[in-house]
Amino acid sequence: MKEIGFFPAFIESYFIALGVLLGGSLIGGIASFLTGQPPLTTVYRISTDLRIWAIVAAIGGTFDTVYTFEKGLMDAGTKDLFKHLLLILSALGGAQTGALIINWLTQEYISS
């Protein structure tokens, strides 16, 4: 399989985290509606629980990233270390954007 470049991986990381968070939360909301639970509250709760898993899914698992950090620190491969740090930040941004969209949709914890 051909390795993709850094910039496409950066964009993919963002949108994978965003998609995991939005998709998982909204599908979970449908399931809560079918079972008689409050759907908007459940969507908000699921979105807070899914944030870390969206980041892990976006970066492709944690073991490869930990290995790259070890290689960057021990073998002075700062270029790879910096790239993986940016990929993690991209995934964090996607998860945060998804959580913000869910907050806007559900309007949970809005003070009057």
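Values reported hereafter were calculated over all heavy atoms of this structure, with side chains retained and with hydrogens, waters and symmetry mates removed. What you are looking at is a predicted structure, and each value in this text was computed from that prediction instead of being measured.
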_When you compare the side chain of Leu26 with that of Ile102, does any pair of heavy atoms fall below 4.5 Å?_
yes
_For the CZ atom on Phe6, are there more than 12 heavy atoms of other groups (residues, nucleotides or ligands in this structure) within a distance under 6.0 Å?_
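More than 12 heavy atoms, drawn from other residues, nucleotides or ligands, come within 6.0 Å of this atom.
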*asked:* Hydrophobic cluster membership, with links at side-chain heavy-atom distances under 4.5 Å among I/L/V/M/F/W/Y: are Leu34 and Val43 in one?
replied: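 Per the 4.5 Å side-chain linkage, Leu34 and Val43 are not co-clustered.
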*Which atom names give the shortest non-hydrogen contact between Thr42 and Gln37, and what distance separates them?*
OG1-CB, 4.2 Å
*Which heavy-atom pair separates Ala99 from Arg51 by the least distance, and what is that distance?*
CB-NH2, 3.1 Å
*Is the closest side-chain heavy-atom distance between Ile30 and Pro39 below 4.5 Å?*
no
*Residues that Thr97 engages under side-chain hydrogen bond (donor to acceptor under 3.5 Å, both in side chains), provided they are two or more places apart*: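 Per chain and number, Thr97 pairs via side-chain hydrogen bond (donor to acceptor under 3.5 Å, both in side chains) with Tyr14.
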*Which heavy atom in Ser47 sits nearest to a heavy atom in Leu21, and how many Å separate them?*
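Scanning both residues completely, I find the closest heavy atoms to be O-CD1, 3.3 Å.
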*Enter the distance from Ile27:CD1 to Ser32:OG here, rounded to the nearest 0.5 Å.*
11.0 Å
*asked:* Give me the atom names and distance for the closest heavy-atom approach of Ala54 to Ala17.
replied: CB-O, 3.5 Å
*asked:* Between Ile101 and Leu22, is there a side-chain heavy-atom distance shorter than 4.5 Å?
replied: yes
_Euclidean distance, Ser90 OG relative to Ile55 CD1, rounded to 0.5 Å_ =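 Here the rounded value is 10.5 Å.
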*Supply the atom-to-atom distance Gln96 CD to Asn103 CG, rounded to the nearest 0.5 angstrom.*
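The distance works out to 8.5 Å.
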*Which pair of non-hydrogen atoms, one from Gly24 and one from Ile46, has the smallest distance, and what is that distance?*
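Result for this residue pair: O-CG2, 4.0 Å.
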_Within this structure, what is the CG-CD1 distance for the pair Leu89 and Ile59, rounded to the nearest 0.5 Å?_
11.0 Å
*Is there a donor-acceptor pair closer than 3.5 Å between any side-chain N or O of Ser13 and the backbone N or O of Ala9?*
no
*Mind checking the CZ-CG spacing from Arg45 to Leu50? Nearest 0.5 Å is all I need.*
10.0 Å
_Is there a side-chain contact between Thr41 and Tyr44 in this structure, where contact means two heavy atoms from C-beta onward sitting under 4.5 Å apart?_
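No. Closest side-chain heavy atoms not under 4.5 Å.
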*Taking C-beta and beyond as the side chain, do Phe10 and Leu87 meet within less than 4.5 Å on heavy atoms?*
yes
